[in-house]
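Note that the structure is predicted; figures quoted are calculated from it, not measured. Below, read A as the first sequence line, B as the second, and so on, with proteins coming before strands; counting in each chain starts at 1.
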Protein chains: 2
Amino acid sequence: MATGRTHRPATRSRGIPEATVARLPLYLRALTALSERSVPTVSSEELAAAAGVNSAKLRKDFSYLGSYGTRGVGYDVEYLVYQISRELGLTQDWPVVIVGIGNLGAALANYGGFASRGFRVAALIDADPAMAGKPVAGIPVQHTDELEAIIRDNGVSIGVIATPAGAAQQVCDRLVAAGVTSILNFAPTVLTVPDGVDVRKVDLSIELQILAFHEQRKAGEEAAAEVTAAQAVGTAQTAVAAGREGSATDQGPDGDVPAVMPA
Amino acid sequence: MATGRTHRPATRSRGIPEATVARLPLYLRALTALSERSVPTVSSEELAAAAGVNSAKLRKDFSYLGSYGTRGVGYDVEYLVYQISRELGLTQDWPVVIVGIGNLGAALANYGGFASRGFRVAALIDADPAMAGKPVAGIPVQHTDELEAIIRDNGVSIGVIATPAGAAQQVCDRLVAAGVTSILNFAPTVLTVPDGVDVRKVDLSIELQILAFHEQRKAGEEAAAEVTAAQAVGTAQTAVAAGREGSATDQGPDGDVPAVMPA
DNA sequence: ATGTCTTTGTGAACGCGTGCACAAAGATTG
DNA sequence: CAATCTTTGTGCACGCGTTCACAAAGACAT
């Protein structure tokens, strides 16, 4: 007592670090695969390898959930699947709405990974009247006007935004006002939400840019290595600068990119 | 000297922290928007608000790039756009291939954010012969057989995998063998790659599961609060346990989820 | 029952990232 | 030119996350 209540613990929910929570789905997937192969138990070493993480990290992660392993043996696969599912809240059904049924929205609607893990697509919503009634992934698209009613009637608390950037904030506001408290945002915009609402962002463009950075660095290091090998005592800087001239500024960047297009 | 060369600095490239690199695209987007509105300068405070970060963090981030600001004034928008673009390697053209042209692949191909930032979709590749020649986003889809030739002919170093999970590792291996050194993976699998190859993963299902966790926690706290208010001295645990019974284990989780379907 | 061997769970050290708070720098005004 | 005011750049402290390394726990064999 007298511990929490400080307005928002956020980062450290109940004692489970955020970083650990982010890895639980990873473990769950690996465990599910093992379960299908009817493997009864796994060691932290094996499971860590399957999930692509360090075994010590995995053990510490699990230690936050409790002591579910048996020393000398490992972890019971089925039991662990259940424990993690429960911890993540996947033992209950989560109705989800997807707003913005363009290519990406359609891809999400068809995504098998949703239904399999306790998520159920309750509705597809789009602002285009021409889309209304059109079935996508077996579900008829509904018009934005219905948004509030849909949220309330289905008790939806998780919303996915796949609209163009321009519409995202507006859609977000309506979702929140209607009672949604968790949002997965695919539009390239910073969403402003009231306290108590969680937002996670997935930005395709950003991921690519990060890759480009490392890619450039690799190329730069190679060039630098060549220069070094060539005994160049001058400013190795030139090797990098020589790469290209280019003018990113004046070639007209489109800035507020239209998210992922609607059809 | 005698500093680097330790096999792989990875986390801290040249002195720019990984966390900073991940935010640069964010700043770039905000700056581009300002540039379009012909705003000449911004303060760290304003820009930080637009990017949704702390202003001190932003200033520290920029300090890694150099001293590009003017005290008492702020940052020159155009200049900063150029500097960040250059640092991220966006002043050069990055040919990219997308493998797996299902709904998601198509969405990516149509994504405006790519072309606008130095990325150019060099080719769309799919294993389905029926897709071959079919234009998606104005680009004809090519068969997987052509993969190696495409990579080499276009000098592609960045590949995007949007195939089902089962095909991902195989595609990955071929991409890497053909010369790709950066991969953006949308398939729900852990990819194994040789040293020197960067992989970034985007997993829609995982993001949702993380949201579900926090959502459950919110619900649990509300319930706990109610219990506390009701002066229940017994085990508050029951409030949480009462939520639902459910059996995630035996309702047949599909484990190795087929990524994002191929049409 | 005792010993050996495997594997967990965790204490402790370390490093990275974040945010505060302030001094230095420069613009601006009188 | 001097004073004031704004805003940057950064030293510093703190906390989270990662990793090592090992003691405790339990299975298994003899």
Side-chain angles (χ1 to χ4, degrees), chain A residues 3-4 6-24 26-27 31 34 39-77 79-80 83-84 87 210, chain B residues 3-4 6-24 26-27 31 34 39-77 79-80 83-84 87 210:
Chain A
T3 36
T6 47
H7 181 264
R8 207 181 50 154
T11 38
R12 191 79 156 275
S13 322
R14 198 246 336 266
I16 302 184
E18 189 60 28
T20 295
V21 172
R23 280 188 296 268
L24 290 182
L26 219 59
Y27 302 145
L31 283 165
L34 291 171
V39 177
T41 60
V42 264
S43 67
S44 62
E45 204 70 50
E46 292 169 321
L47 185 55
V53 303
N54 184 294
S55 70
K57 191 187 295 185
L58 179 144
R59 286 198 299 276
K60 180 145 291 191
D61 282 343
F62 285 174
S63 78
Y64 291 118
L65 309 184
S67 290
Y68 295 144
T70 306
R71 299 176 189 226
V73 178
Y75 300 91
D76 182 280
V77 173
Y79 186 58
L80 202 47
Q83 289 299 340
I84 295 180
E87 196 67 51
I210 296 173
Chain B
T3 38
T6 48
H7 184 262
R8 206 182 51 155
T11 39
R12 191 81 154 273
S13 323
R14 197 250 330 272
I16 302 184
E18 189 60 28
T20 295
V21 172
R23 280 188 295 268
L24 290 182
L26 221 58
Y27 302 145
L31 283 165
L34 290 173
V39 178
T41 61
V42 263
S43 68
S44 62
E45 203 70 50
E46 292 169 321
L47 186 54
V53 302
N54 184 296
S55 70
K57 192 187 296 184
L58 179 143
R59 287 198 298 276
K60 182 149 293 192
D61 283 341
F62 285 174
S63 78
Y64 292 117
L65 308 184
S67 290
Y68 295 145
T70 305
R71 300 176 189 226
V73 177
Y75 299 91
D76 182 279
V77 174
Y79 186 57
L80 202 47
Q83 289 299 341
I84 294 180
E87 196 67 51
I210 296 173

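Nucleic acid contact for B:Y75: sugar-phosphate only, since backbone atoms but no base atoms lie under 4.0 Å from a heavy atom of the residue.
Evaluation of the side-chain hydrogen bond (donor to acceptor under 3.5 Å, both in side chains) rule for A:T41 yields no partner, not counting sequence neighbours. B:A50 meets the side chain to side chain contact (heavy atoms under 4.5 Å, CB included) test with B:A30; sequence neighbours excluded. With sequence neighbours excluded, no residue satisfies side chain to side chain contact (heavy atoms under 4.5 Å, CB included) with B:A49. Every ring pair (Phe, Tyr, Trp, His ring centres under 6.0 Å) that B:Y75 has, sequence neighbours left out, goes to B:F62. The side chain to side chain contact (heavy atoms under 4.5 Å, CB included) check on B:A56 picks up B:N54, B:R59, with sequence neighbours excluded. Partners of A:S43 according to the side-chain hydrogen bond (donor to acceptor under 3.5 Å, both in side chains) rule, which considers only residues two or more places apart in sequence or in another chain, are A:E46.
For the pair A:I16 CD1 and D:dG17 C1', the interatomic distance rounds to 15 Å; values are reported in whole Å. Rounded to whole Å, atom P of D:dT7 lies 16 Å from atom CZ of B:F62. C:dT7 atom C1' lies 13 Å from atom CG of A:L58, rounded to whole Å. Atom OH in B:Y68 sits roughly 19 Å away from atom C1' in D:dT7 (whole-Å rounding).
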Fill in the blank from the handout: Heavy-atom contacts, protein to nucleotides 18-30 of chain D, under 4.0 Å, summarised as B (base), S (sugar-phosphate only) or - (none) per nt, yield SBBB--BB-S---
Pair up each side-chain donor or acceptor in residues 65-73 of chain B with any protein partner under 3.5 Å, not counting sequence neighbours, and list the distances.
from	atom 1	to	atom 2	distance (Å)
B:Y68	OH	B:L65	O	3.3
B:Y68	OH	B:Q83	OE1	3.0

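Only A:S43, A:S44, listed by number, bring a heavy atom of residues 41-53 of chain A to less than 4.0 angstrom from any atom of DNA chain C.
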Practice task
Under the side-chain contact (heavy atoms from CB on, under 4.5 Å) rule, what do A:V21 and A:E87 come out as? Steps first, then yes or no, please.
Solution key: CA-CA 9 Å; A:V21 172; A:E87 196 67 51; over 6 Å; no
